[in-house]
Amino acid sequence: MNELELAQFAAPAAQTLLTAMLTDGWQLFKGRLVRIVSGRGGDPQPAEDSLDSLRQRAIVDDSPEARDQRRSEVFALLCAVISRDPDAIAPLRRLLSDVEANAASTNAENIHQNATVRDNGVNFQQISGTQNYRSS
């Protein structure tokens, strides 16, 4: 993978992972990312500590400048992992696909609307239902 391909992969991947870090679902994916970052046979603790620290800083400071900094950190991390082990791209792609699928399913929203029009008690309308929103 050349530098351009790496950047084209890592930039949106960094955004996806950073967004996932800020959700309750992060624990579903954290272990997988730790294993990828720590490499084959590597000690997972430094990777886990680093990701926990990055997540905590992202939660504490959500300013646009801080978000850009955290995204750059995740981007650099992904570039380092892929540069060290080009085979890491496959499990990263699977992880990102799962993160995106999870995000799509949790972005569903329920809408219940009740509208009552009272004009001498003549008109009454009630709307109730569920609407799912999914990004494509």
Side-chain angles (χ1 to χ4, degrees):
M1 177 176 276
N2 66 39
E3 287 182 23
L4 178 60
E5 292 170 325
L6 179 59
Q8 288 174 334
F9 170 79
Q15 179 61 49
T16 298
L17 291 172
L18 183 61
T19 300
M21 283 182 185
L22 300 175
T23 68
D24 292 336
W26 172 241
Q27 295 304 318
L28 294 171
F29 306 107
K30 176 183 154 187
R32 288 171 60 189
L33 185 58
V34 165
R35 285 189 297 280
I36 294 167
V37 170
S38 61
R40 295 180 214 147
D43 180 10
Q45 196 59 53
E48 185 170 0
D49 292 345
S50 176
L51 290 170
D52 285 343
S53 172
L54 193 143
R55 180 177 192 253
Q56 187 59 39
R57 286 181 282 130
I59 290 170
V60 169
D61 186 355
D62 192 32
S63 68
E65 297 82 16
R67 277 193 305 265
D68 288 344
Q69 177 61 35
R70 300 297 89 77
R71 189 173 30 254
S72 294
E73 290 175 48
V74 177
F75 176 84
L77 174 68
L78 293 174
C79 288
V81 167
I82 295 167
S83 294
R84 180 189 72 227
D85 180 12
D87 292 337
I89 194 85
L92 274 169
R93 283 191 173 145
R94 286 191 297 273
L95 174 63
L96 291 166
S97 177
D98 291 347
V99 168
E100 290 168 351
N102 185 63
S105 69
T106 58
N107 283 338
E109 298 214 9
N110 291 328
I111 297 175
H112 301 281
Q113 296 177 341
N114 293 311
T116 304
V117 179
R118 293 187 180 147
D119 183 10
N120 296 326
V122 175
N123 296 319
F124 175 78
Q125 177 184 10
Q126 182 174 359
I127 303 169
S128 181
T130 301
Q131 178 68 47
N132 291 320
Y133 295 95
R134 294 184 187 236
S135 59
S136 30

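All residue numbers in this chain count up from 1 along the given sequence.
Closest of all the heavy-atom pairs between D98 and R32 is OD2-NH1, 2.7 Å. Nearest heavy atom pair, residue I36 against residue R84, reads O-NH2, 3.5 Å.
In this structure, CH2 on W26 lies 9.0 Å from CG on D52, to the nearest 0.5 angstrom. Rounded to the nearest 0.5 Å, atoms CD1 (I89) and CZ (R94) are 11.0 Å apart. For the atom pair L95 CG and E100 CD, the distance stands at 9.5 Å (nearest 0.5 Å). Atom CG of L77 is separated from atom CG of L54 by 8.0 Å, given to the nearest 0.5 angstrom.
No continuous path of hydrophobic side-chain contacts links L78 to F75 [ILVMFWY only; heavy atoms under 4.5 Å]. L22 and L96 are assigned to two separate hydrophobic clusters, defined by single-linkage of ILVMFWY side chains at heavy-atom distances under 4.5 Å.
N2 is linked by a side chain to side chain donor-acceptor pair (under 3.5 Å) to nothing, counting only residues two or more places apart in sequence or in another chain. For Q45, the side chain to side chain donor-acceptor pair (under 3.5 Å) partners at least two apart in sequence or on another chain are D49.
Looking only at distances, no side-chain donor or acceptor of S53 sits under 3.5 Å from a matching main-chain atom of S50.
Of the charged side-chain nitrogens involved, none lies within less than 4.0 Å of a carboxylate oxygen, so that D61 and R70 do not count as a salt-bridged pair.
Counted within 6.0 Å of CG on D24, heavy atoms from surrounding residues, nucleotides or ligands total 12 or fewer; the atom is thus considered open.
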Run the side-chain donor-acceptor check on residues 6-18: report pairs under 3.5 Å with partners two or more places apart or on a different chain.
| from | atom 1 | to | atom 2 | distance (Å) |
| --- | --- | --- | --- | --- |
| Q15 | OE1 | R71 | NH1 | 2.4 |
| Q15 | NE2 | T19 | OG1 | 2.9 |
| T16 | OG1 | P12 | O | 3.0 |

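Exactly one of L33, L28, V34 qualifies for a side chain to side chain contact (heavy atoms under 4.5 Å, CB included) with K30. That residue is V34.
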